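For the numbers below, each heavy atom of this structure counts, side chains included, while hydrogens, waters and symmetry mates do not. No experiment lies behind these values; they were computed from the predicted model shown.
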Amino acid sequence: MRSLAVTPTLVIVGVNRSGTTALAHSLLNHPHVELFKDPGKYTFESTGVADFSHFYQDPLSTTTRVRVIKQSIGQYTPELCTIPIYPVGVERPRFIRELHHLFLVREPRDIWSSWQAMTTWLQTTSDPEVRSAWAGITRDHGIPVGWGSLGMLHLAVSYFRELFEHISSISPATTYLATYDDLQDSDRAARLLHTLCERLGLDFRPEMIDWKIRFGDDPEGRMVDGFRRPLNDPQRIYIHRKIRESSGLGLLLPQPPENAHWPDTPLTRELDMAYADLLERTRSNFNLTD
């Protein structure tokens with residue numbers, strides 16, 4: 001297994017709608033950080049072949065000191081709910097110990113509310129581009145229009161939890177756990193970023209909280225976006241509508257107004273228990289906001 005192209009490299013992992021994009025964008029506001037946003041995700045969805053070239057690609061900028069790789073888990077197929085994050089092989093443990101890992105946790109019922117809001121929009125929009133794209137998805141995958149069932153959410157959360165347990169057992173010193181709520185509060189977000197910068201060997205910059213680079217901008221070419229669709233695609237505009245309206249972390253990232261039904265079933269109880277367990281773990285040495 002080859003060595004990393006940039007050291008240190010931070011991998012941010014979260015279930016879709018857990019704040020991974022906002023946190024990654026905050027880090028991109030540091031002039032010495034470059035970002036790979038969901039690299040290989042849609043290649044894996046369409047071909048089944050995992051792509052890990054983002055670990056080995058040459059730096060995007062001469063100013064790069066830290067590489068951030070942001071990966072979100074979940075949506076409408078089992079493949080997207082279990083996307084490979086790390087290369088495999090006999091040297092995998094050594095490789096994992098060379099990385100920093102930040103797992104971002106959000107309450108499942110809030111994730112579900114956000115997924116349901118996206119599903120409702122997809123099912124009701126009259127935009128011809130969106131309707132055409134989803135006609136192909138439903139035909140190719142044999143699924144209804146939408147962002148996934150509770151079963152898919154359960155699969156994504158289970159995979160996220162198992163991955164965290166695995167990575168933290170191999171490299172506890174460089175595996176961190178934070179919550180979506182940490183990003184909601186400007187003081188907690190600042191503490192998180194201060195501590196994270198310290199562990200990555202960066203100086204903290206205020207623009208990481210109060211963004212100088214707004215979402216969607218990359219004036220210095222320090223980001224590779226793994227999405228196939230451009231930022232002005234109707235689906236992406238809707239998906240990222242809140243971060244587009246934000247100018248930084250803290251109070252400008254409100255909870256979703258939607259209140260999707262959260263049924264009392266064995267599946268949802270398992271999800272609530274998984275979240276409670278991970279939340280308790282944030283009070284251990286994995287937490288960046290203590």
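- Residues Leu60 and Arg67 approach most closely at N-NH2, 4.5 Å, considering heavy atoms.
- In this structure, the ring of Tyr176 has its center no less than 6.0 angstrom from the ring center of Phe103.
- By the side chain to side chain contact (heavy atoms under 4.5 Å, CB included) test, Glu129 is found to be paired with Asp127, Asp233, Pro234, residues two or more places apart in sequence or in another chain being considered.
- By the 4.0 Å N-to-carboxylate-O rule, Arg161 lies close enough to Asp277 to be salt-bridged with it.
- Using a 4.0 Å cut-off between a side-chain N of Lys or Arg and a carboxylate O of Asp or Glu, Asp217 and Lys212 do not qualify as a salt bridge.
- To the nearest 0.5 angstrom, Thr20 atom OG1 is 7.0 Å from Leu104 atom CG.
- For the residue pair Asp203 / His30, a side-chain donor-acceptor distance below 3.5 Å is found, with atom types taken as modelled.
- One distance of note links CG of Leu153 with CD1 of Ile73; it measures 11.5 Å at 0.5 Å rounding.
- Annotation: side chain of Asp51 is not in contact with side chain of Phe44 (no heavy-atom distance under 4.5 Å).
- At a threshold of 4.0 Å, the pair Glu245-Arg241 does not count as salt-bridged, since none of the basic side-chain nitrogens sits closer than that to a carboxylate oxygen.
- Scanning for side chain to side chain contact (heavy atoms under 4.5 Å, CB included) contacts around Val145 gives Leu122, Gln123, Trp134, Thr138, with sequence neighbours left out.
- A salt bridge does not link Asp181 to Arg188: none of the charged side-chain nitrogens sits closer than 4.0 Å to a carboxylate oxygen.
- When each of Val13, Thr174, Leu23 is paired with Leu102, the side chain to side chain contact (heavy atoms under 4.5 Å, CB included) condition holds for Leu23 and for no other.
- Contacts of Leu99 classified as side chain to side chain contact (heavy atoms under 4.5 Å, CB included), with partners at least two apart in sequence or in another chain: Leu4, Thr9, Val11, Phe55, Tyr86, Phe95, His101.
- Because its NZ or CZ atom is not both nearer than 6.0 Å to the ring centre of Phe215 and within 45° of the ring axis, Arg244 does not count as a cation-pi partner of that residue.
- Looking at Asp272 and Arg109, a side-chain N of the basic residue comes within less than 4.0 Å of a carboxylate O on the acidic one, giving a salt bridge.
- Residues Thr43 and Val49 form no side-chain contact, since every pair of their non-hydrogen atoms from C-beta on lies 4.5 Å or further apart.
- Separation of atoms OG1 (Thr21) and NZ (Lys37) is listed at 4.0 Å; rounding is to 0.5 Å.
- Residues Tyr238 and Trp121 bring their aromatic ring centres within 6.0 Å.
- Proximity of Asp225 to Asp38: side-chain heavy atoms (C-beta onward) are nowhere separated by under 4.5 Å.
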